[in-house]
Amino acid sequence: MHVVNVQDKWAWVSGLLAVGLGLVAHMVAGGSAPALPVLLAFAALCCLAAQLLARWVHGPLILLLISGVAQQLLHFGFAAFGGYYPGSGWVEHLHGVGQSPGDAPAAAASSGGSPHIMLYTHMAAAILTLVVAAGVTGLLKRASLTATKGNTA
């Protein structure tokens, strides 16, 4: 009987982590969140991709590259489905510029926020996703080894 690795069992969690951290990064940099069904679809796709890649990709640099590409794709998805309203981010705000409610859809065509802050926050989300996923995988692997060692003794 084939034993399933711990990484293969819990790889989908890194997909959820990537979407959650990407959403936080996007909103901190001034973007807005898409609707809940869109977020759930992104989460499902990222979980599926993480689960499929867990068997074949194990190098840290490749994982960092994949995490960065995932954050870039999430950024494009959040920008396409989220819309943008100036002053809606935590970092960027209006600084006293008046805006009427009728101006909001015209501003939605903009990508939102500073591109530099958006880049830095999504890079931080990619690195943090890799670090947390690797740390959780290491903890689960040690716990699994301890449990199997306790069962055989």
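Below, each value reflects all heavy atoms present in this structure, side chains not excepted, and no hydrogens, waters or symmetry copies.
Separation of atoms CG (L23) and OG (S32) is listed at 9.5 Å; rounding is to 0.5 Å. Separating the OG atom in S67 from the CG atom in L17 is a distance of 8.5 Å, to the nearest 0.5 Å. The line from CG of L53 to CG of L48 is 9.0 Å long, rounded to the nearest 0.5 Å. L45 contributes atom CG, which lies 9.5 Å from atom CG of L74 (distance to the nearest 0.5 angstrom). Atom-to-atom distance recorded for I117:CD1 and T121:OG1 is 8.0 Å, nearest 0.5 angstrom.
Using bins of under 30°, 30° to 60° and over 60° for the plane-to-plane angle, the ring pair H26/H75 lands in the tilted bin.
When hydrophobic clusters are built by joining Ile, Leu, Val, Met, Phe, Trp and Tyr residues whose side-chain heavy atoms come closer than 4.5 Å, directly or via intermediates, L73 is not grouped with M118. L65 and L52 fall into different hydrophobic clusters, defined by Ile, Leu, Val, Met, Phe, Trp and Tyr side-chain heavy atoms under 4.5 Å apart, directly or through other members. A continuous path of Ile, Leu, Val, Met, Phe, Trp and Tyr side chains, each step under 4.5 Å between heavy atoms, connects V131 with L64, placing both in one hydrophobic cluster. L119 and L128 are members of different hydrophobic clusters when ILVMFWY side chains are connected at heavy-atom separations under 4.5 Å. Both I127 and I62 sit in one connected hydrophobic cluster of ILVMFWY residues. Membership requires side-chain heavy atoms under 4.5 Å apart, directly or through other members.
At least one donor-acceptor pair under 3.5 Å links the side chain of T129 to the backbone N or O of A125.
Here the closest non-hydrogen pair linking A50 and S14 is CB-OG, 3.5 Å. In terms of heavy atoms, A33 sits closest to M27 at CB-SD, 3.8 Å. Of all non-hydrogen atoms in G77 and F42, the two that sit nearest each other are CA-CZ, 3.5 Å.
Within the 4.5 Å cutoff, side-chain heavy atoms of L39 are placed close to those of P34.
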